[in-house]
Engineer: 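One structure coming up, written as structure tokens, with questions to follow.
In this text, all values refer to a predicted model and were calculated from it rather than measured experimentally. Quick note on labels: first sequence line is chain A, next is B, and so on, each numbered from 1.
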Amino acid sequence: MKNKLKNLLIEALKKDFGKNGLDELVEVQPTAAKHIKADYFSNIAMKLSKKLNKDPMDIALGIVKELQPTDLFTFDVAKPGYINFSIKNTQKNNIVTDIIKSKDLLAPFKTNSPKKIHVEFVSANPTGPLHVGHGRGAIYGNIIAKFLRIQGHDVHTEYYVNDVGRQMTLLFHSISKCEVSGDITKDELYKGEYIIDAASGIEKKFPKFKEISTSIGASEKRKWISIICQYMIENYIKKDLEQLGIHFDEWFYETSLFENMRVKEILKKLEETGHSKNHEGALMLKADELRPLIKSNGEHTYLASDLAYHDYKLSKYDLVINIWGADHHGYIPRIKYGMEALGHNTKKLDIHLIQFANLYRGKEKISMSTRKGKFVTLKTLVDEIGNDAINFFYLTKKKDQHLDFDLNVAIAEDKNNPVYYIQYAHARIEKILNEVGKLEQYKFNPDSLKNDFEKKLISSLNSFYETCEKSITGLQPHVMTHYLQKLSQDFHSYYANVKLLTEKIDYDKIYLVAAVQKVIKCGLELLNINAPEKM
RNA sequence: GCGUCUGUAGCUCAGUUGGAUAGAGCGUUGGCUUCCGAAGCCAAAGGUCAGAAGUUCAAGUCUUCUCAGGCGCUCCA
């Protein structure tokens with residue numbers, strides 16, 4: 001519809017002014033202001049006013065004169081030069097049949113140029129259960145991958161497991177009986193009940209684990225670290241994520257980058273191309289400033305393996321998306337610099353930064369300190385508020401926004417809780433549809449729906465397409481959460497004001513709510529939230 | 001100090017590539033159940049869009065500066 005109107009305007013412009021090259025200036029937008037009754041408007045007259053040195057009002061009137069009236073819409077001109085279009089009711093109401101007939105409401109959002117896309121998210125150090133701080137990135141990453149799949153891309157999701165480095169050594173000493181040594185102090189060790197549980201779990205599986213002594217050799221230590229790491233992934237992290245309905249296509253281990261020499265290769269390449277240099281006994285990347293790749297004690301930094309990882313992924317995929325916590329933003333230039341140095345196009349690397357979420361219980365802030373094992377695990381949160389609420393609340397705000405999340409609202413079972421409000425709308429409609437039986441034989445009459453409640457509801461249905469475009473194509477899940485709230489609200493209002501199950505049932509109305517239900521269901525499923533038939 | 005995200009109603013947040021009189025939920029206040037699920041509906045009050053200057057026919061939206069908050073600025077991850 002938008003494009004149709006746009007083309008009409010372009011033609012009218014040509015007739016009136018005989019000017020070409022105006023196509024790009026013409027735009028048609030849905031009206032946003034509440035007091036405007038029209039559905040679409042164009043600001044072209046204002047834009048041309050200076051160019052033509054004419055009053056925008058005159059330009060608008062001139063254009064309108066050339067427009068042909070149709071049975072689809074009416075138009076008028078408003079100060080200071082808006083051209084407004086009102087779509088006729090009958091035309092608008094066709095959305096109801098479109099929705100009911102559609103086999104896949106999301107089909108229009110399929111791309112015709114599918115890409116191979118890599119999405120990496122969560123990737124927390126495998127030192128214990130996931131905590132609430134990881135939740136937002138997990139849910140966001142999961143939904144981004146889903147949206148890309150809906151678009152028809154070939155999506156590969158991955159958890160990058162840091163099973164090398166100091167944190168893993170710390171974990172090893174925390175769990176095993178091996179005394180700390182070198183630059184590691186006892187204070188740094190991980191504490192908490194899960195450490196004790198993990199230790200006994202590993203001992204059960206690998207009885208030799210009990211016998212580890214301080215004299216353990218380096219290679220044997222690495223072997224045990226690998227076992228511990230695997231254990232943490234399988235028994236904590238994977239389970240936590242599965243409870244949230246999140247599955248990864250691949251668990252990529254950092255050690256593999258060393259085993260197959262990828263780290264060595266990129267270090268060599270960087271050296272050959274003059275992008276790295278030795279500095280006080282360490283190997284540094286010449287980025288924004290010197291950044292260590294190999295420390296003077298001979299250990300590789302995470303940067304070295306991260307560069308190898310991204311080098312590998314960028315060569316394999318058309319697009320690489322990383323979902324990172326906002327605290328990592330300082331790391332981006334280094335990675336991008338490294339990728340450029342290795343000859344990659346950094347436009348293919350898209351890093352989404354997620355701002356932190358704060359949890360509250362009423363006014364009380366819940367601490368997320370990882371110190372001494374005193375943190376709220378993600379599992380506790382999921383157990384308490386459930387998947388539907390956690391998905392909704394984490395997705396309801398855009399990723400750049402700091403998020404304050406009140407558990408008291410999430411567990412409420414009334415309209416305070418928007419998840420229930422939306423689900424309730426779905427369940428209410430289900431009840432009605434069950435009462436009236438099958439609808440197939442009835443032919444919908446678009447002329448019959450015309451009261452204000454119906455107009456409002458249908459107008460909301462009409463913006464579903466646009467919402468999907470913004471949400472799915474634009475990778476902005478929060479747009480969909482807001483839309484579903486609005487649609488549910490319009491439905492509840494309709495339901496309370498217009499009786500549906502009357503003696504002589506008006507099937508056009510039933511058709512309408514059936515369409516609403518279908519859209520709500522589609523939207524909820526899009527966000528990984530259940531659409532219950534009963535509550 | 002530098003970088004980055006944020007600042008919109010009492011609270012939590014939306015606000016399309018700049019468009020008309022600023023949007024929603026919660027909370028507050030006042031109404032609504034002989035009737036499809038009140039897990040709901042209707043109505044009202046509530047705003048110098050942090051502040052200042054600039055660009056524009058038009059700025060919550062773009063530019064610059066200031067103020068406030070979060071996060072980061074390690075041979076840490």
Engineer: Between A38(B), C75(B), G70(B), spot the one nearest the side chain of Tyr424(A), thanks.
Structural biologist: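 The nucleotide sitting nearest to the side chain is A38(B).
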
Engineer: Does Glu120(A) come within less than 4.0 Å of Lys313(A), counting only side-chain N to carboxylate O?
Structural biologist: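 A salt bridge is absent here (no side-chain N lies under 4.0 Å from a carboxylate O).
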
Engineer: Can you measure Ile354(A) atom CD1 to G72(B) atom C1' for me and round it to whole angstrom units?
Structural biologist: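 In whole Å, G72(B) C1' and Ile354(A) CD1 are 16 Å from each other.
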
Engineer: Please enumerate all residues that pass side-chain hydrogen bond (donor to acceptor under 3.5 Å, both in side chains) together with Thr473(A), with sequence neighbours excluded.
Structural biologist: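 Not a single residue meets the side-chain hydrogen bond (donor to acceptor under 3.5 Å, both in side chains) criterion with Thr473(A).
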
Engineer: Contact class for Asp288(A) (heavy atom, under 4.0 Å): base, sugar-phosphate, or nothing?
Structural biologist: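 Contact class for Asp288(A): none.
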
Engineer: Kindly state each residue pair satisfying side chain to side chain donor-acceptor pair (under 3.5 Å) with at least one member in residues 496-505 of chain A, sequence neighbours excluded.
Structural biologist: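 Qualifying pairs, neighbours excluded: none.
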
Engineer: Does Asp39(A) use its side chain to pair, donor to acceptor, with the backbone of Ile87(A) at less than 3.5 Å?
Structural biologist: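 Yes, the answer is positive, given that a donor and an acceptor are paired below the 3.5 Å cut-off.
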
Engineer: Say you draw a straight line from CD1 of Ile63(A) to CZ of Phe75(A); how long is it, rounded to the nearest 0.5 Å?
Structural biologist: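 Nearest 0.5 Å value for the CD1-CZ distance: 11.5 Å.
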
Engineer: Does A38(B) have OP1 or OP2 under 4.0 Å away from a side-chain N or O of Arg428(A)?
Structural biologist: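 The answer is yes; a side-chain N or O of Arg428(A) sits under 4.0 Å from OP1 or OP2.
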
Engineer: Select one nucleotide: of C5(B), C75(B), G19(B), the one nearest the side-chain heavy atoms of Gln29(A).
Structural biologist: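 The listed nucleotide nearest to Gln29(A)'s side chain is G19(B).
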
Engineer: Over all strands shown, is Gln489(A) touching base, sugar-phosphate only, or nothing at heavy-atom distances under 4.0 angstrom?
Structural biologist: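 Sugar-phosphate: the residue Gln489(A), judged by heavy atoms under 4.0 Å, touches backbone atoms but no base.
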
Engineer: Enumerate the protein-to-nucleotides 44-50 of chain B contacts in which both atoms are nitrogen or oxygen and the separation is below 3.5 Å.
Structural biologist:
none

Engineer: I'd like to check the side-chain hydrogen bond (donor to acceptor under 3.5 Å, both in side chains) partners of Tyr483(A); sequence neighbours left out, ordered by chain and number.
Structural biologist: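 Partners of Tyr483(A) by the side-chain hydrogen bond (donor to acceptor under 3.5 Å, both in side chains) criterion come out as none, since no residue qualifies.
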
Engineer: Any idea how Phe109(A) and Tyr465(A) line up, ring-wise: parallel (<30°), tilted (30 to 60°), or perpendicular (>60°)?
Structural biologist: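 If you compare the ring of Phe109(A) with that of Tyr465(A), the planes turn out tilted.
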
Engineer: Using a cutoff of under 3.5 Å, can you pull out all pairs of nitrogen or oxygen atoms linking the protein to nucleotides 54-58 of chain B, with atom names and distances?
Structural biologist:
unit_1	atom_1	unit_2	atom_2	d
C57(B)	OP1	Lys50(A)	NZ	2.4

Engineer: Quick one, which residues of residues 496-514 of chain A touch RNA chain B with a heavy atom under 4.0 Å?
Structural biologist: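 Within residues 496-514 of chain A, the residues near RNA chain B are Ala496(A), Asn497(A), Val498(A), Lys499(A), Leu500(A), Leu501(A).
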
Engineer: Could you list all N or O pairs between the protein and nucleotides 11-15 of chain B that sit under 3.5 Å apart?
Structural biologist:
unit_1	atom_1	unit_2	atom_2	d
U12(B)	O2'	Lys397(A)	NZ	2.9
C13(B)	OP1	His402(A)	O	3.1
C13(B)	OP1	Asp404(A)	N	2.9
A14(B)	OP1	Lys398(A)	N	3.1
A14(B)	OP2	Gln401(A)	NE2	3.0
G15(B)	OP1	His478(A)	NE2	3.3
G15(B)	OP2	Lys398(A)	NZ	3.0

Engineer: Using heavy-atom distances to pick each residue's nearest nucleotide on RNA chain B, tell me which of Ser296(A) and Ile432(A) is more 5'.
Structural biologist: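 Here Ile432(A) is the residue nearer the 5' end.
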
Engineer: Can you figure out which of G3(B), A20(B), U16(B) approaches the side chain of Ala33(A) most closely?
Structural biologist: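 Comparing G3(B), A20(B), U16(B) against the side chain of Ala33(A), the answer is A20(B).
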
Engineer: Contact class for His492(A) vs. all strands (heavy atom < 4.0 Å): base, sugar-phosphate, or nothing?
Structural biologist: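 Result for His492(A) = sugar-phosphate.
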
Engineer: When the ring planes of Phe258(A) and His300(A) are compared, do they come out parallel, tilted or perpendicular, using 30° and 60° as the limits?
Structural biologist: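 Because their plane-to-plane angle is over 60°, the rings of Phe258(A) and His300(A) count as perpendicular.
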
Engineer: Determine the Euclidean distance between corresponding C1' atoms of G3(B) and G46(B); express it in Å to zero decimal places.
Structural biologist: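 It works out to 38 Å between them.
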
Engineer: Take atom C1' in G60(B) and the same atom in G7(B), then report the distance between them in whole Å.
Structural biologist: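 Between the two C1' atoms, the distance is 12 Å.
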
Engineer: Assign each of Pro30(A) and Phe41(A) to its nearest nucleotide of RNA chain B by heavy atoms, then name whichever residue's nucleotide is nearer the 5' end.
Structural biologist: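 Per heavy-atom nearest nucleotide, the more 5' residue is Pro30(A).
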
Engineer: Taking G18(B) as the reference, what is the distance to U28(B) when you measure between their P atoms (whole Å, please)?
Structural biologist: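 Between the two P atoms, the distance is 40 Å.
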
Engineer: Taking the P atom of each, how far is A9(B) from C75(B), in whole Å?
Structural biologist: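 Here A9(B) and C75(B) have their P atoms 42 Å from each other.
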
Engineer: Could you tell me which residues satisfy salt bridge (charged side-chain N to carboxylate O under 4.0 Å, His left out) with Asp490(A), sequence neighbours excluded, listed by chain and number?
Structural biologist: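 Asp490(A) satisfies salt bridge (charged side-chain N to carboxylate O under 4.0 Å, His left out) with Lys486(A) once adjacent residues are dropped.
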
Engineer: State whether Glu289(A) and Arg291(A) are salt-bridged, where the test is any N-O pair (Lys NZ or Arg NE/NH1/NH2 against Asp/Glu carboxylate O) under 4.0 Å.
Structural biologist: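 A salt bridge links Glu289(A) with Arg291(A).
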
Engineer: Indicate, with yes or no, if the rings of Tyr159(A) and Phe121(A) have centres closer together than 6.0 Å.
Structural biologist: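 When the ring centroids of Tyr159(A) and Phe121(A) are compared, they turn out to be at least 6.0 Å apart.
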
Engineer: Could you work out which one of C75(B), U4(B), G70(B) sits closest to the side chain of Gln355(A)?
Structural biologist: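 From the listed options, G70(B) comes nearest.
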
Engineer: Could you state the atom-to-atom distance from CG of Asp327(A) to P of C73(B) in whole Å?
Structural biologist: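 Rounded to the whole Å, the gap is 8 Å.
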
Engineer: Just compare A20(B), C41(B), C5(B) and give me whichever is closest to any side-chain atom of Tyr421(A).
Structural biologist: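 It is C41(B).
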
Engineer: Determine, using ring centers only, whether Phe405(A) and Tyr394(A) are less than 6.0 Å apart.
Structural biologist: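 Distance test on ring centres: under 6.0 Å, yes.
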
Engineer: Who passes side-chain hydrogen bond (donor to acceptor under 3.5 Å, both in side chains) against Asn387(A), sequence neighbours left out?
Structural biologist: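 With sequence neighbours excluded, Asn387(A) shows a side-chain hydrogen bond (donor to acceptor under 3.5 Å, both in side chains) to no residue whatsoever.
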
Engineer: From Asp306(A) CG over to Asn162(A) CG, what is the distance, rounded to the nearest 0.5 angstrom?
Structural biologist: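 Result: 7.0 Å between the selected atoms.
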
Engineer: Would you classify U56(B) as syn or anti? Syn applies when the glycosidic angle is within 90° of 0.
Structural biologist: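 Because its glycosidic torsion lies more than 90° from 0, U56(B) adopts the anti conformation.
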
Engineer: Could you tell me whether the side chain of His328(A) has a donor or acceptor atom within less than 3.5 Å of a complementary atom in the base of G72(B)?
Structural biologist: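 In this structure, the two groups form no donor-acceptor pair.
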
Engineer: For atom C1', what is the distance between C76(B) and G69(B), given to the nearest Å?
Structural biologist: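 Looking at atom C1' only, C76(B) and G69(B) are 26 Å apart.
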
Engineer: Both atom distances under 3.5 Å, Watson-Crick or G-U wobble: I'd like the secondary structure of RNA chain B as a dot-bracket string, with | for pairs made across strands.
Structural biologist: (((((((..((((.....[...)))).(((((.......))))).....(((((..]....))))))))))))....

Engineer: For the side chain of Glu384(A) and the backbone of Leu381(A), is there at least one donor-acceptor N/O pair under 3.5 Å apart?
Structural biologist: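 Not confirmed, Glu384(A) side chain does not pair with Leu381(A) backbone.
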
Engineer: Considering only the C1' atoms, how many Å lie between G27(B) and G10(B), rounded to the nearest integer?
Structural biologist: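 Rounded to whole Å, the distance is 8 Å.
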
Engineer: Using atom P of each nucleotide, how far apart are C26(B) and C67(B) to the nearest Å?
Structural biologist: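 Pairwise P distance, C26(B) against C67(B), rounds to 39 Å.
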
Engineer: Can you tell me how far C1' of U16(B) sits from CE of Met480(A), to the nearest Å?
Structural biologist: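 Those two atoms, CE and C1', are 15 Å apart.
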
Engineer: Taking atom CG of Leu433(A) and atom CD of Glu533(A), what is their separation to the nearest 0.5 Å?
Structural biologist: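 Here the interatomic distance stands at 10.0 Å.
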
Engineer: Are Tyr253(A) and Tyr160(A) close enough that their ring centers fall under 6.0 Å?
Structural biologist: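 No: the rings miss the under 6.0 Å criterion.
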
Engineer: Could one point to a donor on the side chain of Glu27(A) or the base of U17(B) with an acceptor on the other under 3.5 Å away?
Structural biologist: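 Counting by modelled atom types and ignoring angles, a donor-acceptor contact under 3.5 Å is found here.
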
Engineer: Among C5(B), C41(B), C71(B), which nucleotide has an atom closest to any side-chain atom of Ser493(A)?
Structural biologist: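 Comparing C5(B), C41(B), C71(B) against the side chain of Ser493(A), the answer is C41(B).
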
Engineer: Got a sec, which residues hit side chain to side chain contact (heavy atoms under 4.5 Å, CB included) with Ser174(A), two or more places apart in sequence or on another chain?
Structural biologist: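 Counting only residues at least two positions away or on another chain, Ser174(A) forms a side chain to side chain contact (heavy atoms under 4.5 Å, CB included) with Leu189(A), Tyr190(A), Ile195(A).
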
Engineer: Distance between the P atoms of U17(B) and U61(B), in whole angstroms?
Structural biologist: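 One P to the other, the span is 14 Å.
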
Engineer: Check the distance between A20(B)'s P and Asp39(A)'s CG and give it to me in whole angstrom.
Structural biologist: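 Rounded to whole Å, this separation is 16 Å.
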
Engineer: Asp240(A): which residues meet the side-chain hydrogen bond (donor to acceptor under 3.5 Å, both in side chains) condition with it, sequence neighbours left out?
Structural biologist: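 Asp240(A): no side-chain hydrogen bond (donor to acceptor under 3.5 Å, both in side chains) contacts found.
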
